[in-house]
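Let me begin by presenting the structure, written as structure tokens, before commenting on it.
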Amino acid sequence: MPSAKYLQTKAEVHKNDGVSLNMEHPHPGKGGRHRQTETYGMPGKKLEDYLNLQPRDVLARNIMDARSIYIKEGLYTPEVRSALVKVIRLNKSKYPDMFDR
């Protein structure tokens, strides 16, 4: 988070160097939580608009998207909240020029 496509486009950050959150897949099940995210397979104009957002806005949007998925599934726990906060903090520490105010 933000998406690998965003980081590669905006900051030339390789996808293996970005910060991520493992959104564990339900078992048994198909697809999983990652496929529920707004950015998964984002097409055309919507992707273009997303790529034009400011980094802090994209990070906030992705965090809120993940949060809403966990809330919808009744799985938004203190542990999930803590993991999302950690994603924010890691992004700010790894890429201060991009995410600091």
Side-chain angles (χ1 to χ4, degrees):
M1 291 179 191
S3 73
K5 180 77 170 176
Y6 183 88
L7 289 173
Q8 288 170 342
T9 302
K10 285 293 200 180
E12 297 179 5
V13 173
H14 188 272
K15 71 178 184 175
N16 293 339
D17 295 327
V19 177
S20 62
L21 175 70
N22 182 357
M23 295 181 70
E24 180 180 323
H25 295 286
H27 180 77
K30 266 189 160 178
R33 293 183 191 96
H34 181 235
R35 290 185 182 178
Q36 295 176 46
T37 62
E38 174 190 27
T39 56
Y40 184 86
M42 187 181 275
K45 176 76 169 120
K46 194 171 181 180
L47 175 60
E48 185 180 325
D49 291 345
Y50 173 80
L51 294 175
N52 285 320
L53 293 171
Q54 293 301 308
R56 287 177 57 87
D57 295 333
V58 166
L59 181 58
R61 185 172 173 162
N62 290 165
I63 294 292
M64 293 306 293
D65 185 35
R67 181 178 178 268
S68 72
I69 291 165
Y70 282 103
I71 288 171
K72 179 178 71 180
E73 294 186 359
L75 299 171
Y76 187 68
T77 63
E79 293 81 12
V80 171
R81 182 185 184 285
S82 177
L84 293 172
V85 169
K86 186 175 181 179
V87 167
I88 295 167
R89 288 184 179 146
L90 282 171
N91 271 295
K92 286 181 175 184
S93 91
K94 277 185 90 164
Y95 308 107
D97 293 341
M98 232 163 84
F99 295 107
D100 277 349
R101 288 183 181 199

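Keep in mind that this is a model prediction, so the values were computed, not measured. Note that the numbering runs from 1 along the sequence shown for the chain.
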### Query
Is there a path from Ile88 to Ile71 through hydrophobic residues (I, L, V, M, F, W, Y) whose side chains come within less than 4.5 Å of each other?
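Shared cluster, yes.
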
### Query
Any link between Leu84 and Leu75 through a network of hydrophobic side chains (Ile, Leu, Val, Met, Phe, Trp, Tyr) touching at under 4.5 Å?
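They do share one cluster, since a chain of ILVMFWY contacts under 4.5 Å joins Leu84 to Leu75.
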
At what distance, to the nearest 0.5 angstrom, does [atom1] of [X] lie from [atom2] of [Y]?
X	Y	atom1	atom2	result
Tyr70	Leu21	OH	CG	5.5 Å
Met23	Arg35	CE	CZ	13.5 Å
His34	Thr39	NE2	OG1	5.5 Å
Asn62	Thr37	CG	OG1	8.0 Å
Tyr50	Asp57	OH	CG	11.0 Å
Gln8	Ser3	CD	OG	8.5 Å

### Query
In terms of heavy-atom contacts, does NZ of Lys5 have more than 12 from other residues, nucleotides or ligands at under 6.0 Å?
no

### Message
Does Lys10 have more than 12 heavy atoms from other residues, nucleotides or ligands lying within 6.0 Å of its NZ?
### Response
yes

### Query
Which atom names give the shortest non-hydrogen contact between Tyr95 and Asp17, and what distance separates them?
OH-O, 2.6 Å

### Message
Donor-acceptor pair, distance only, cut-off 3.5 Å: does the side chain of Asn91 make one with the backbone of Val19?
### Response
no

### Message
I'd like to know if Arg61 and Asp65 make a salt bridge, using a cut-off of under 4.0 Å between side-chain N and carboxylate O.
### Response
no

